[in-house]
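Report on one structure; see the data block that follows.
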Amino acid sequence: MPLIEWTAELSVGIGSIDEQHKKLVNMINALNDAMLLGHSNELLEKIFSGLATYTHKHFSYEESLFAEYGYSDSKEHKRQHQELIAQVVDLKTKFLERPQEAMNKDLVIFLKRWLTNHIMRSDKEYSDFLISKGVK
Ligand SMILES: [Fe+2]
Ligand SMILES: [Fe+2]
């Protein structure tokens with residue numbers, strides 16, 4: 001069973017954003033699988049870097065929609081994005097310094113919550129607004 005199961009609960013009702021969230025889910029699941037299978041630190045690092053890069057890309061996409069349609073809560077939402085980026089960069093740095101100690105169950109569970117809490121608490125708040133603007 002994957003660490004994060006994609007369910008309707010995670011959907012924000014906007015196809016382009018759900019696809020990006022699924023990609024992030026897959027990356028965290030891949031990191032968990034690679035850890036459990038005892039894959040090399042090089043591979044773990046590659047997945048981790050990919051996650052950080054893609055998170056950045058995804059947040060930029062959401063923020064460009066906020067700017068385009070004038071989403072009223074964009075300031076607080078962007079602040080959360082910055083915090084989430086800082087957290088993933090920090091984890092990556094710790095992993096690069098001490099891969100053996102840093103890569104454990106707590107780390108992947110943190111990442112699971114890191115993503116799903118943000119989707120369910122904050123991303124879902126823009127759903128109705130962006131859907132009303134015709135975003136798909
Ligand atoms: Fe998102
Ligand atoms: Fe977001």
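Side chains are part of it too, since the values below use all heavy atoms of this structure and drop only hydrogens, waters and symmetry mates. When a ligand or atom number is given, it counts from 1 through the structure's own listing order.
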Identity of the N, O or S atom of H77 lying closest to the Fe ion (ligand 2): NE2

Closest approach to the Fe ion (ligand 2) by E62, given as the N, O or S atom name: OE1

H21 side chain reached by D123 side chain, heavy atoms, under 4.5 Å: yes

L10 vs I4 side-chain heavy atoms within contact, under 4.5 Å: yes

Closest approach to the Fe ion (ligand 1) by D123, given as the N, O or S atom name: OD2

Other residues, nucleotides, ligands: >12 heavy atoms within 6.0 Å of K46 NZ: no

Neighbour count above 12 (heavy atom, 6.0 Å) for E9 CD: no

Between H81 and H58: side-chain donor-acceptor atoms closer than 3.5 Å: no

N/O/S from H58 sitting under 2.8 Å away from the Fe ion (ligand 1): yes

Angular separation of H81 NE2 and H118 NE2 about the Fe ion (ligand 2), given to 10°: 90°

